[in-house]
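Numbering of ligands and ligand atoms starts at 1, following listing order.
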Amino acid sequence: MISTDIAHAAALLRQGECVAIPTETVYGLAADAFQERAVAKVFSIKGRPTFDPLIVHLPELDWISRVASEFPAAAQALAEKFWPGPLTLILPKQSQVPDLVTSGLPSVAVRIPAHPMARELLRQVDHPLAAPSANRFGRISPTTPEAVEKELGNAIPLILDGGHCTIGVESTIIRFDPEGPALLRAGGLPLETIEAIIGPIRLLNRPQEVPHAPGQLLHHYAPSKKLFLLDGRDRSPSDPGVGNGRLGEASLPLESQNAVISPANAGLLTFGTLLSSENFSMTLNLSPTENLEEAAAHFFGMLRELDESSAEILYAVRLPNHGLGRAMNERLERASTRSAS
Ligand code: TXA
Ligand code: MG
């Protein structure tokens, strides 16, 4: 059931039920982080392996000592600057956080979401909430209550309706290693913005089989259809690649040699003027004006729409690799890896 009743959601969570909650990034599937059986339900509803730990959500900075045993200076600087917001910090865990939440790791992932309904809910529950994205494991993250309903509607008693997620991609995850801070997942807070506060951050986020963040498996965020990545047209007019920006017959810089493009049954996810063609069965533009924030807000919804369309295969252009473009590119790489295998 989709509802705006925060008190009802809080009561269900206190009883050990799982509830889908809005955040500014994506919808989360929440459980009381201190009730291990409720947390176990999150894993079983999602079909998520228990080696993949969850993010713990707080409403206020002064709850931090309930879940973390230390708060390094660099983490504190980021928390003060960017919380509430799309940033997750990996911190040494407080012993009362159940091992199931952290998959047995000595660290815990923590974030204060910016969505006012999420924070009010947290205050009413009066416990931290463990919440992964509210999709079945490996699938496209939901950014609307309707998308959650399609994914998990028959498995949970309530979806708290907070409207369309404003940011649209998951939080950026930072860990503090002896060698310095490291990026575990590109996300809704741009790397450049974080580096402006604490200096250079090590990049560990290349897609790989052995993930740094345990959940960053190579195939993730996957539509059910095959997805191929295209290099967008170079913006310089002399670019020999795709010429006029239309989809030429043999001129596509295709990622996969196996991909035989037949636009009539293919869907295209594009950005600005990177690539366009009337020939695709469906073309969705993340942001005709090339605004990366607008693109991120549309990202998962448009992927989902293409996945549900009559198109048999999907193409997506790589985005400019800065700001929120980095987060979207990382997700497209994973989505296409799953498709290719
Ligand atoms: O924006 C978000 O972060 C959303 C909303 C709901 O808050 N949540 C989200 O959760 O994206 P999820 O479960 O889809 O992704 C959590 C990521 C996983 O890649 C997991 O491996 C990583 O965080 N993670 C959790 N605890 C960790 C830890 N102790 N060390 C390293 N990575 C951790
Ligand atoms: Mg997820």
For atom 8 (N) of ligand 1, state which one of Ser171, Pro106, Ala131 supplies the nearest heavy atom.
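It is Ala131 that holds the nearest heavy atom.
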Who's closest to atom 27 (C) of ligand 1 heavy-atom-wise, of Ala182, Pro53, Ser133?
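The nearest heavy atom belongs to Pro53.
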For the residue pair Phe34 and His127, does the interplanar ring angle fall in the parallel (under 30°), tilted (30 to 60°) or perpendicular (over 60°) class?
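If you compare the ring of Phe34 with that of His127, the planes turn out perpendicular.
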Rounded to the nearest 0.5 Å, how far apart are NZ of Lys93 and CD of Glu70?
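With rounding to 0.5 Å, NZ (Lys93) is 13.5 Å from CD (Glu70).
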Any atoms of ligand 1 less than 4.0 Å from a non-hydrogen atom of [X]? List them with their elements.
{"X": "Thr25", "value": "1 (O), 2 (C), 4 (C), 5 (C)"}
{"X": "Ala109", "value": "25 (C), 26 (N), 27 (C)"}
{"X": "Ile173", "value": "17 (C), 22 (C), 23 (O)"}
{"X": "Leu105", "value": "28 (C), 29 (N), 30 (N)"}

Say whether [X], considering both its backbone and side-chain N or O atoms, lies within less than 3.5 Å of an N or O atom on ligand 1.
{"X": "Lys46", "value": "no"}
{"X": "Ser107", "value": "yes"}
{"X": "Thr23", "value": "no"}
{"X": "Asp52", "value": "yes"}

Please determine whether any non-hydrogen atom of [X] lies less than 4.0 Å from an atom of ligand 1.
{"X": "His57", "answer": "yes"}
{"X": "Arg48", "answer": "yes"}
{"X": "Ile90", "answer": "yes"}

Hey, is NZ on Lys81 packed in by over 12 heavy atoms from elsewhere, all under 6.0 Å?
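Result for NZ/Lys81: open.
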Does atom CZ (Arg123) have a neighbourhood of more than 12 heavy atoms from anything else shown, all under 6.0 Å?
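Correct, the count exceeds 12.
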Check step by step if side-chain contact (heavy atoms from CB on, under 4.5 Å) holds for Ile90 and Leu105.
CA-CA 11 Å; Ile90 307 296; Leu105 292 172; over 6 Å; no
Region of Arg111 that comes within reach of ligand 1 [heavy atoms, distance under 4.0 Å]
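Near ligand 1, Arg111 shows its side chain, while the N, CA, C and O stay back.
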Proximity of Thr102 to ligand 1 by residue part, where a heavy atom lies under 4.0 Å
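Neither part.
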Glu312: which residues meet the salt bridge (Lys or Arg N to Asp or Glu O under 4.0 Å) condition with it, sequence neighbours left out?
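Glu312 satisfies salt bridge (Lys or Arg N to Asp or Glu O under 4.0 Å) with no other residue.
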Would you say the Mg ion (ligand 2) has Ser141 as a near neighbour, meaning an N/O/S atom of that residue under 2.8 Å away?
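Within the cut-off used here (under 2.8 Å), Ser141 places no N, O or S atom near the Mg ion (ligand 2).
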Check Arg334 with Glu330, please: is the shortest side-chain N to carboxylate O separation under 4.0 Å?
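Salt bridge flag = yes for Arg334 with Glu330.
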Between Asp52 and Lys46, is the salt bridge (Lys or Arg N to Asp or Glu O under 4.0 Å) condition met? List the steps.
CA-CA 12 Å; Asp52 188 1; Lys46 272 187 68 102; over 6 Å; no
According to a hydrophobic-cluster definition based on side-chain heavy atoms being under 4.5 Å apart (Ile, Leu, Val, Met, Phe, Trp, Tyr only), do Ile167 and Ile21 belong together?
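In one cluster: no.
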With side-chain hydrogen bond (donor to acceptor under 3.5 Å, both in side chains) as the test, pick out the partner of Glu170 among Arg331, Arg185, Arg111.
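When side-chain hydrogen bond (donor to acceptor under 3.5 Å, both in side chains) is applied between Glu170 and each of Arg331, Arg185, Arg111, only Arg331 qualifies.
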